[in-house]
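A short write-up of the structure that comes next.
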Amino acid sequence: MRFSAQQNYDEYAITCNVRAKNIVGTQKAAAKRIEGVLLERADWWSSGPYSLRVLAKMGHPYARRRMSLKTGRTGRKTKVYAMRVGQKFPNRINVQSGDFRNSWKTRVSRGPNKLIVELSNDSEHAKYLTKAGTSKMVPRNPLAGIMRESRKKVFDIERQVIPDAVRGSGRAFGSITPGRLRKAFVTGWRVGTAIGGIG
């Protein structure tokens with residue numbers, strides 16, 4: 001009795017090389033889509049409806065004097081606001097001059113196994129809109145809302161990079177089809193996404 005096994009290492013090597021090159025193109029396409037998601041959410045979180053005049057009539061609801069700390073039964077302190085105003089209060093930012101809303105930017109950088117899309121805002125107002133707040137204003141962190149709402153869409157786009165690269169290489173290499181290599185590519189390539197903060 002004789003046992004024989006046929007290996008197609010050369011075919012695998014050629015196929016892997018072609019599909020690895022395709023990942024670069026699919027990464028670029030993914031980066032564009034991720035940038036679009038982040039900028040769209042950043043625009044919404046910077047487009048609150050209240051003018052300075054309306055906020056003054058409300059008694060300045062974002063002032064620290066309207067926030068107090070409440071101690072629970074376990075001793076844990078939580079923030080309590082005297083007046084809640086608007087959608088996603090207090091992290092949604094109301095449009096005044098429009099400078100903050102118009103200052104969102106994205107930057108893409110790539111490493112061998114990762115794609116980084118950074119979202120930043122260089123407006124003068126950005127340094128005050130953080131989870132620390134200021135001496136007069138309660139903490140306001142629009143980036144937290146942007147990231148929370150973008151995370152699933154960004155993950156879905158990122159997860160599609162490998163299948164797109166495998167599909168994009170076609171079936172020109174005989175028995176090594178996209179279906180057979182998909183698992184190998186998913187475990188062999190780690191495509192990660194990091195979202196930067198307000199800078």
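Values reported hereafter were calculated over all heavy atoms of this structure, with side chains retained and with hydrogens, waters and symmetry mates removed.
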Kindly work out whether a path of hydrophobic side-chain contacts (I/L/V/M/F/W/Y, heavy atoms less than 4.5 Å apart) joins I34 to F155.
no
Does the side chain to side chain contact (heavy atoms under 4.5 Å, CB included) test come out yes or no for K79 and L69, once each step is laid out?
CA-CA 5 Å; K79 294 171 189 169; L69 291 175; 4.0 Å; yes
For F100 and P142, work out which heavy atoms get closest and say how close.
CZ-CG, 4.0 Å
Report the distance from atom NE2 of H60 to atom NZ of K136, rounding to the nearest 0.5 Å.
11.0 Å
Taking only residues two or more places apart in sequence, or in another chain, which ones meet N102 in a side chain to side chain donor-acceptor pair (under 3.5 Å)?
none
Taking CZ in R65 as the centre, count heavy atoms belonging to other residues, nucleotides or ligands within less than 6.0 Å. Is the count above 12?
yes
Between R92 and Y62, which heavy-atom pair has the shortest distance, and what is it?
O-OH, 4.2 Å
Distance (rounded to the nearest 0.5 Å) between L143 CG and L38 CG
9.5 Å
Could you tell me which non-hydrogen atom of I146 sits nearest to which non-hydrogen atom of A42, and how far apart they are?
CD1-CA, 3.6 Å
Just by distance, do the side chain of R41 and the backbone of M147 share a donor-acceptor pair under 3.5 Å?
no
Do W45 and E149 have side-chain N/O donor and acceptor atoms under 3.5 Å apart?
yes
May I ask you to decide if P90's main-chain N or O and R140's side chain share a donor-acceptor pair within less than 3.5 Å?
yes
Do you reckon Y81 sits in the same ILVMFWY cluster as I93, going by side-chain contacts under 4.5 Å, direct or chained?
yes
Hey, could you give me the OG1/CG distance between T134 and L129, rounded to the nearest 0.5 Å?
9.0 Å
Is there a donor-acceptor contact under 3.5 Å from the side chain of Q96 to the main chain of L52?
yes
Is there a side-chain contact between L119 and T106 (heavy atoms, below 4.5 Å)?
yes
Applying side chain to side chain contact (heavy atoms under 4.5 Å, CB included) to Q87 and W44, what does each step give before you reach the verdict?
CA-CA 11 Å; Q87 244 180 329; W44 187 89; 3.4 Å; yes
Is the closest side-chain heavy-atom distance between V138 and R66 below 4.5 Å?
no
In terms of heavy-atom contacts, N94 and P49 come closest through OD1-N, 3.4 Å
Would you give the length of the straight line joining atom NZ of K32 to atom CD1 of I157, rounded to the nearest 0.5 angstrom?
13.0 Å
Is there a continuous path of hydrophobic side-chain contacts, each under 4.5 Å between heavy atoms, that joins V95 to W104?
no
Specify the closest pair of heavy atoms between V108 and A31, including all atoms of both residues, with the distance to one decimal.
CG1-CB, 3.8 Å
To the nearest 0.5 Å, what is the distance between OG (S51) and NZ (K57)?
8.0 Å
Minimum heavy-atom distance R64-S135, with the two atoms named:
CD-O, 3.4 Å
Note, K105 side chain near N121 side chain (heavy atom, < 4.5 Å):
no
Quick check for you: to the nearest 0.5 Å, what is the distance between R107 atom CZ and E35 atom CD?
11.0 Å
